[in-house]
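Right, one structure below, let's go through it.
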Amino acid sequence: MALQWAILGYVVAAEVAIALLLTLPSPKIIKDQIVALVSLTLQPITGVVPFAAFQLLDIYWKNEHRLMCTSEVCTASERDRYEKAIYKAQRNVILCVSACLLYWCIFRICKFHKDIKEKEEVQKRYKNK
């Protein structure tokens, strides 16, 4: 189970790096090359969305079927273990949501760059006429 979260963590880190690379100012030629490269990798990276959604469903199911430790019968170690599990689940939810949100942001940034490039080409054609 920890391997799944490690993979998702690395994917989120890579998405953050890609988003930073896309949003940093750079010359137009380099920016076009970066956007083209990222656009090619967007389709294979789409697999992160269902993977994160499945992980969210797993967290939800485990939360619904988790033994509650809120009464005085629980020992201190059981209560600590319960709270630690809750914190891990919250961290993992944030990881899943950020993976989906970052993918969407990268997709929209690439789409905006392509739309801008297309409109510049249309404007250039009108100027040439």
Side-chain angles (χ1 to χ4, degrees):
M1 200 58 152
L3 180 62
Q4 295 169 344
W5 297 114
I7 290 171
L8 197 59
Y10 290 136
V11 168
V12 168
E15 286 178 339
V16 167
I18 290 170
L20 284 174
L21 192 62
L22 287 173
T23 56
L24 287 176
S26 60
K28 185 167 176 45
I29 296 170
I30 295 173
K31 181 69 80 176
D32 289 341
Q33 294 292 328
I34 293 171
V35 169
L37 180 65
V38 171
S39 295
L40 288 174
T41 61
L42 276 177
Q43 190 173 10
I45 296 175
T46 307
V48 76
V49 175
F51 181 72
F54 176 75
Q55 295 301 323
L56 281 172
L57 286 174
D58 186 47
I59 291 169
Y60 173 75
W61 186 86
K62 286 179 180 176
N63 189 38
E64 288 295 316
H65 296 88
R66 180 175 283 133
L67 295 175
M68 295 293 179
C69 188
T70 56
S71 65
E72 296 83 29
V73 179
C74 294
T75 64
S77 64
E78 288 174 342
R79 196 171 297 113
D80 288 342
R81 195 174 82 218
Y82 173 76
E83 290 176 2
K84 184 178 177 182
I86 294 294
Y87 291 137
K88 277 177 78 174
Q90 291 171 348
R91 179 199 64 199
N92 292 340
V93 165
I94 291 171
L95 192 63
C96 291
V97 170
S98 64
C100 295
L101 185 63
L102 281 167
Y103 177 80
W104 179 79
C105 289
I106 291 169
F107 175 78
R108 293 306 300 174
I109 290 169
C110 287
K111 184 159 176 29
F112 286 147
H113 279 287
K114 287 180 180 179
D115 289 346
I116 289 170
K117 186 176 179 182
E118 182 180 302
K119 289 185 193 300
E120 286 174 350
E121 289 173 1
V122 168
Q123 184 181 17
K124 192 181 282 186
R125 275 189 262 137
Y126 280 131
K127 281 184 178 181
N128 290 337
K129 285 186 178 179

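Counting begins at 1 with the first residue of the sequence.
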Going by an N to O cut-off under 4.0 Å, is there a salt bridge joining Lys62 and Asp58? yes
Side-chain donor/acceptor pairs under 3.5 Å, residues 83-91, sequence neighbours excluded:
none

Testing the basics here: between Ile45 and Tyr103, what is the closest heavy-atom pair and its distance to 0.1 Å? CG2-CD1, 3.9 Å
Quick one: does Asn128's side chain have a donor or acceptor within less than 3.5 Å of a partner on Lys124's backbone? yes
For residues 33-40, which side-chain donor-acceptor pairs fall under 3.5 Å, sequence neighbours excluded?
| residue | atom | partner | partner atom | Å |
| --- | --- | --- | --- | --- |
| Ser39 | OG | Val35 | O | 2.8 |
| Ser39 | OG | Lys114 | NZ | 3.4 |

Value for CG (Asn92) from CD (Gln4), rounded to nearest 0.5 Å, stands at 10.0 Å
Are Leu57 and Val93 connected in the hydrophobic side-chain network, where two residues link if heavy atoms are under 4.5 Å apart? no
With rounding to the nearest 0.5 angstrom, report the NE2 to SG distance, His113 to Cys110. 7.0 Å
So SG of Cys100 and CG of Leu56: to nearest 0.5 Å the spacing works out to 6.5 Å
With hydrophobic residues grouped by side-chain heavy-atom distances under 4.5 Å, do Phe112 and Ile106 end up in a single group? no
Check this for me: Gln43, atom CD, are more than 12 non-hydrogen atoms of other residues, nucleotides or ligands nearer than 6.0 Å? no
Transitive ILVMFWY cluster of Ile29 at side-chain heavy atoms under 4.5 Å: who else is in it? none
Specify the closest pair of heavy atoms between Ser26 and Lys31, including all atoms of both residues, with the distance to one decimal. OG-CE, 3.5 Å
If a pair satisfies salt bridge (charged side-chain N to carboxylate O under 4.0 Å, His left out) and one of its residues is in residues 33-55, list it, with sequence neighbours excluded. none
Contacts of type salt bridge (Lys or Arg N to Asp or Glu O under 4.0 Å), residue Lys28, not counting sequence neighbours: Asp32, Glu120
Can you tell me if NZ on Lys117 sees more than 12 non-hydrogen neighbours from other groups inside 6.0 Å? no
Under a 4.5 Å side-chain heavy-atom rule over Ile, Leu, Val, Met, Phe, Trp and Tyr, are Val49 and Ile94 clustered together? no
Run the side chain to side chain contact (heavy atoms under 4.5 Å, CB included) test against Tyr126 and tell me which residues pass, sequence neighbours left out. Val122
Can you list the other members of the hydrophobic cluster that holds Leu101, where links are side-chain heavy atoms under 4.5 angstrom apart? Trp104
Contacts table for residues 10-23: side-chain donor-acceptor under 3.5 angstrom, sequence neighbours left out:
| residue | atom | partner | partner atom | Å |
| --- | --- | --- | --- | --- |
| Thr23 | OG1 | Ala19 | O | 2.9 |
| Thr23 | OG1 | Leu20 | O | 3.3 |

Test side chain to side chain contact (heavy atoms under 4.5 Å, CB included) applied to Thr75 - qualifying residues, sequence neighbours left out: Ser77, Glu78
Can you run down the ring pair (Phe, Tyr, Trp, His ring centres under 6.0 Å) pairs that involve residues 41-61, sequence neighbours left out, and say none if there aren't any? Trp61-His65
Please identify each residue that fulfils side-chain hydrogen bond (donor to acceptor under 3.5 Å, both in side chains) with Thr41, with sequence neighbours left out. none
